[in-house]
Every structure is written in C-alpha cells, then in structure tokens.
Amino acid sequence: MAVLGRGVVPAETPILRADDLGALRGDGIFETMHLRAGRPWLLDQHLARMSRSAARLELALPPRAALVELVDQTAAAWDPAEEGGLRLVCTRGPETGGPVTVFATAFAIAPAIRRARREGVAVVTASLGYPVAAREAAPWLLGGAKTVSYAVNMASLRWAAGQGAEEVLWLSSEGYALEAPTATLVWLARKILWTVPPEQTGILAGTTARWLLDHAPALGYRAGERLVRPAELADADGVWLVSSVRGAAEVRSLDGVARKPAADTAALLDLLGYGR
Ligand code: PLP
C-alpha cells in the first residue's frame with residue numbers, strides 16, 4: 001500500500017480516520033487497474049476516468065503527477081513476476097473538513113477470477129428498477145462515476161450466489177441489459193463486437209471494453225454500441241463480462257439457460273493480454 005505524501009507503508013498500517021467520509025458515506029472514487037509485468041495497464045485511461053468521476057462528485061482530486069507517483073510507488077513494491085491488480089482510491093476525507101484521503105493498494109488476482117477466464121460464469125439478470133435514461137437526466141445519481149459506494153453491487157453478487165450463479169447482469173426497468181456489478185457487457189453478433197452505450201445509459205464507461213472494441217479488427221470484427229435485451233443475447237455468438245481485473249469471462253449461462261461455448265474467448269483473452 002502507498003499513501004499520498006507518505007509513500008509505501010505496510011499493508012496493515014491504519015490510514016483512515018474514523019470520520020472519513022469514504023468510510024461513513026461511501027463518498028469517494030476509485031480505479032482498479034491490471035498489473036502486468038509490474039506496470040498498470042491503461043493507466044492514462046484510468047486516470048482520465050478518475051478525473052471525470054471526481055468532477056461528477058465535485059471532489060478535489062490531487063494533480064495527475066501526484067497520482068502517477070503514487071501508482072508508481074505501489075507498482076514498484078509489487079513482484080513484477082506476479083499478475084496483480086492495483087486499486088487507487090480518493091475519498092472526501094474527514095467529516096470535519098480537511099484534505100481528501102488518497103491511497104493505492106496492490107493485490108493478487110483471486111483464483112475465482114482465473115477460473116472465470118478459463119471456464120466462464122453463470123449469470124442471472126436483475127433489475128435496477130429505473131429506466132435507461134434516468135441517470136443521464138439526474139446528475140445526483142452519479143451515472144458514469146466510479147464511486148466507492150459499491151454496497152448495492154456487492155449485494156447483487158451475493159444475491160446471484162444465492163441463485164447458484166457467479167455474476168449478475170443488471171437490467172433497466174424497460175428490460176435492457178446495462179452492465180454487471182464490476183464488469184462491462186460485450187457480445188458478438190454477426191461479426192460485430194457490441195457493448196452498451198455508456199453516455200446514454202449512465203453505466204460506467206469500461207476501459208477494458210473500450211480497448212477491446214477499438215481493437216476488434218484484430219479479431220476480424222467491427223465494433224458498435226447499442227441497447228440489447230437478454231433474449232437477444234441468448235442468440236449471440238459470444239457474450240462476455242469484461243473488466244480490468246478479469247480481462248474477459250465468458251457468459252456460459254444466462255438465467256439458467258446454457259449457452260454454446262463461444263469460439264473466440266481464448267482469442268479475446270490473448271488480445272487483451274490476460275493469462276489463464
Ligand atoms: N462496470 C462497473 C460497475 C465496474 O465496477 C467495472 C470495473 O470495476 C466495470 C464496469 C469495468 O470497467 P474497467 O474495464 O474499466 O475495469
């Protein structure tokens with residue numbers, strides 16, 4: 001772990017005050033990056049998104065150079081031979097006022113994530129209860145911001161586990177697929193690699209999905225963004241949940257209905273640079 005202004009400290013070092021608004025209110029933002037060969041992948045894209053999140057929360061994010069230094073310190077303390085994740089966090093700081101709290105941690109990739117790359121995941125759909133356009137029209141819903149308020153995301157995953165599934169695909173009230181609690185939806189249909197449009201829906205603009213779609217021609221595909229319903233996903237040539245830590249996990253069943261294995265999962269993971 002590294003703390004802004006202090007550098008690398010032992011991971012068990014206490015660094016938050018009891019009245020830190022990140023802990024009290026979930027009032028803060030974060031980014032999670034993939035650590036490969038000891039370096040964070042897509043660092044620029046993650047820092048750009050963090051700065052958009054900060055603007056949405058009116059949070060005084062430290063200058064980019066200070067964040068880069070913090071990330072560099074954290075990455076340098078990680079064994080480059082081990083694949084990992086790097087989380088960069090900025091909370092609003094003490095309730096009584098004061099500077100934002102900023103730290104970064106490095107962590108090992110969980111065995112369940114590696115298994116998901118190899119074997120795929122069972123996914124159940126769950127409604128978020130609001131229409132596709134709700135978040136764009138209501139800035140206080142913080143659409144598109146990566147905030148530390150992930151209690152709903154984690155509750156969704158526990159609910160999925162109760163149904164015997166590993167993942168959730170959130171739906172709008174009209175029944176359109178949005179995203180997963182920690183991943184972006186990508187699907188292949190008629191040689192086009194699709195994802196859900198982030199601006200129109202208020203989902204998080206995934207850095208991994210963006211990179212993958214920008215490189216779709218390397219797989220022989222075109223790329224596009226549109227809304228989709230789960231029934232249409234059932235007929236797709238491949239459906240994946242993609243994110244910085246997992247790379248890509250193929251959706252092997254949706255609401256209990258098995259899907260045929262996609263031909264492209266290994267190629268996707270190779271292109272993205274993730275091992276199994
Ligand atoms: N959507 C949500 C809600 C997420 O939390 C994440 C990542 O954690 C993603 C999508 C995928 O984003 P990225 O590819 O930038 O990791």
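First listed ligand is number 1; within each ligand, the first listed atom is number 1.
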Could you go through residues 74-82 and list every donor-acceptor pair under 3.5 Å that involves a side-chain atom there, pairing it with any protein atom two or more places apart or in another chain?
{"unit_1": "Thr74", "atom_1": "OG1", "unit_2": "Leu70", "atom_2": "O", "d": "2.7"}
{"unit_1": "Trp78", "atom_1": "NE1", "unit_2": "Glu82", "atom_2": "O", "d": "2.8"}
{"unit_1": "Asp79", "atom_1": "OD1", "unit_2": "Ala81", "atom_2": "N", "d": "2.9"}

for atom 5 (O) of ligand 1, nearest protein heavy atom and its distance come out as Tyr150 OH, 2.5 Å
Given the options Leu188, Asp270, Leu268, Leu219 meets side-chain contact (heavy atoms from CB on, under 4.5 Å) only with Leu268
Check: Does Arg117 count as lying over the ring of Tyr274, i.e. NZ or CZ under 6.0 Å from the six-ring centre, within 45 degrees of the axis?
Finding: no
Residue, atom and distance of the protein heavy atom nearest atom 2 (C) of ligand 1 read Glu179 OE1, 3.5 Å
Please confirm whether Ala180 approaches ligand 1 to less than 4.0 Å, judged on its heavy atoms.
yes
Within 4.0 Å of some non-hydrogen atom of Thr184, the atoms of ligand 1 are 9 (C), 10 (C), 11 (C)
So the atoms of ligand 1 within less than 4.0 Å of a heavy atom of Gly206 turn out to be 12 (O), 14 (O), 15 (O)
Rounded to the nearest 0.5 angstrom, the OG1-NZ distance for Thr207 and Lys146 is 8.5 Å
Would you say Met33 touches ligand 1, if touching means a heavy atom closer than 4.0 Å? no
of all protein heavy atoms, closest to atom 8 (O) of ligand 1 is Lys146 NZ, 2.7 Å
Counting heavy atoms under 4.0 Å, the part of Thr207 that contacts ligand 1 is both
With a distance cut-off below 6.0 Å to the six-membered ring centre and an angular limit of 45° from the axis, does Arg135 pair with Tyr130 as a cation-pi contact?
no
for atom 16 (O) of ligand 1, nearest protein heavy atom and its distance come out as Ser244 OG, 2.6 Å
heavy-atom search around atom 14 (O) of ligand 1 in the protein gives Thr208 OG1, 2.6 Å
CG of Leu59 to OG of Ser51, rounded to nearest 0.5 Å, is 11.0 Å
Checklist entry - Mind checking whether Arg49 has an N or O less than 3.5 Å away from an N or O of ligand 1? => result yes
Check your understanding: Taking everything shown except Arg25 itself, do over 12 heavy atoms lie less than 6.0 Å from its CZ?
Key -> no
